[in-house]
Number of protein chains: 2
Amino acid sequence: MVDREAGRALHRQLADLLRDQITSGTLGPGDRLPAEDYLAQTYDMSRTAVRRAIELLVYEGLLIKARGLRTQVREQPVRQVVLLNAEDTAETRMPGEAERLALGIPAGEPVLVVRRMTGETEVYAGAATTIRAAG
Amino acid sequence: MVDREAGRALHRQLADLLRDQITSGTLGPGDRLPAEDYLAQTYDMSRTAVRRAIELLVYEGLLIKARGLRTQVREQPVRQVVLLNAEDTAETRMPGEAERLALGIPAGEPVLVVRRMTGETEVYAGAATTIRAAG
DNA sequence: CTTGATTTGTACGTATGTATT
DNA sequence: AAATACATACGTACAAATCAA
């Protein structure tokens, strides 16, 4: 489980455990985590440490938080294909908070910025797009 | 400055202020932020709130933290072009902590995953690549 | 080389606010 | 209305890394 003598921060150890459960499928998309208080008791750490662990996974795009609800394993959206023509370029980066809210995407999701040769710029939710070369 | 009656969390308000200084160029790449304690006194909030503000900007890819040093405005790397051939696809997502450390990229940077039609998979630091269609 | 000052990291506790069920 | 659960905000203490004397 978690080991206080491990030389690794408690919240990182818990994040590792939860990440494993998600990537292995023990926790599937849409599943809800136990409440923070429950996790704190179960793993014998403070709620603060639990929240830090969950925060790490939110920023990895694995979890979605909502106040009052329990934290949920994120559903991976179906990826829509974005075609890249000759002379177009695409870049990825993290959005600022305002931009993220404007696009309606959750924390932990990068954006994809496509610059068309026409000069137009398109911004996509990164987790919902697959890039492919046109032609 | 920050307004406790604004109905907006203190750490989000401070993050807004710092983000503005970075994007406007008042704080340039490589510049160091004041120490957390100093910011806490200056903006009359706890060190906890200051740390949360900084954390937001780290996850937006704007700041780099290291223990013992002061927090630094991130240098944006020169982007290297990745060519996408017909039948290749590219996707972006956030890396897990282990993957991120293995690739040697800081928190707040997405990865770019290219799947070649040959079956090979390439993983790049997202902030250091520009995608372009071959041909 | 060692010490001390500075600065960030981890971990705990408490209290109160807000959203959902 | 009440219970549950996450959000914000404060405080304390000590650990660990860095840098300068």
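So that the names make sense, note that chain A is the first sequence line, chain B the second, and so on, each numbered from 1.
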Salt bridge present between Glu122(A) and Arg115(A) (N-O < 4.0 angstrom): no
Answer yes or no: is there a side-chain heavy-atom contact under 4.5 Å between [X] and [Y]?
X         : Y         : result
Arg52(A)  : Leu14(A)  : no
Arg93(A)  : Val113(A) : yes
Val111(B) : Ile105(B) : yes
Met94(B)  : Glu109(A) : no
Ile22(B)  : Leu63(B)  : yes
Lys65(A)  : Arg51(A)  : yes

Separation of atom [atom1] in [X] from atom [atom2] in [N], rounded to whole Å:
X        : N       : atom1 : atom2 : answer
Leu56(B) : dA7(D)  : CG    : P     : 12 Å
Tyr38(B) : dT8(C)  : OH    : C1'   : 18 Å
Gln41(B) : dG11(D) : CD    : C1'   : 15 Å
Asp37(B) : dA5(C)  : CG    : P     : 16 Å
Asp44(A) : dA11(C) : CG    : P     : 12 Å
Ile64(B) : dG9(C)  : CD1   : C1'   : 16 Å
Gln72(B) : dT8(C)  : CD    : P     : 12 Å
Arg4(A)  : dC14(D) : CZ    : P     : 16 Å

Rounding to 10 degrees, work out the angle separating the end axes of the helix from dT2(C)-dA21(D) to dT21(C)-dA2(D) (five pairs an end).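 For the helix from dT2(C)-dA21(D) to dT21(C)-dA2(D), the axes at either end differ by 10°.
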For the residue pair Thr129(B) and Arg79(B), what are the closest heavy atoms and their distance?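 Of all heavy-atom pairs spanning Thr129(B) and Arg79(B), the closest is O-NH1, 2.9 Å.
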Selection: residues 6-22 of chain B, any non-hydrogen atom under 4.0 Å of DNA chain D: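 Ala9(B), Leu10(B), His11(B), Arg12(B), in order of number.
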Check whether any side-chain N or O of Arg70(B) sits under 4.0 Å from OP1 or OP2 of dT8(C), and answer yes or no. no
Counting just side-chain N and O atoms, does Arg51(B) come under 4.0 Å of either OP1 or OP2 of dG9(C)? yes
So, applying side-chain contact (heavy atoms from CB on, under 4.5 Å) with Val2(B), which one of Asp16(B), Leu17(B), Asp44(B) is it? Leu17(B)
Could you work out which one of dC6(D), dG9(C), dC12(C) sits closest to the side chain of Ala49(A)? dC12(C)
Can you pull every protein N or O that's under 3.5 Å from an N or O on nucleotides 13-21 of chain C?
from	atom 1	to	atom 2	distance (Å)
dT18(C)	O4'	Arg67(A)	NH1	3.3

Checking Tyr38(B) against Glu36(B) for the side-chain hydrogen bond (donor to acceptor under 3.5 Å, both in side chains) test, could you report, in this order, the C-alpha distance in whole Å, the side-chain angles of both residues, the deciding distance, and whether it holds? CA-CA 5 Å; Tyr38(B) 178 89; Glu36(B) 293 172 351; over 6 Å; no
Does Met117(A) belong to the same Ile/Leu/Val/Met/Phe/Trp/Tyr cluster as Leu112(A), with side-chain heavy atoms less than 4.5 Å apart forming each link? no
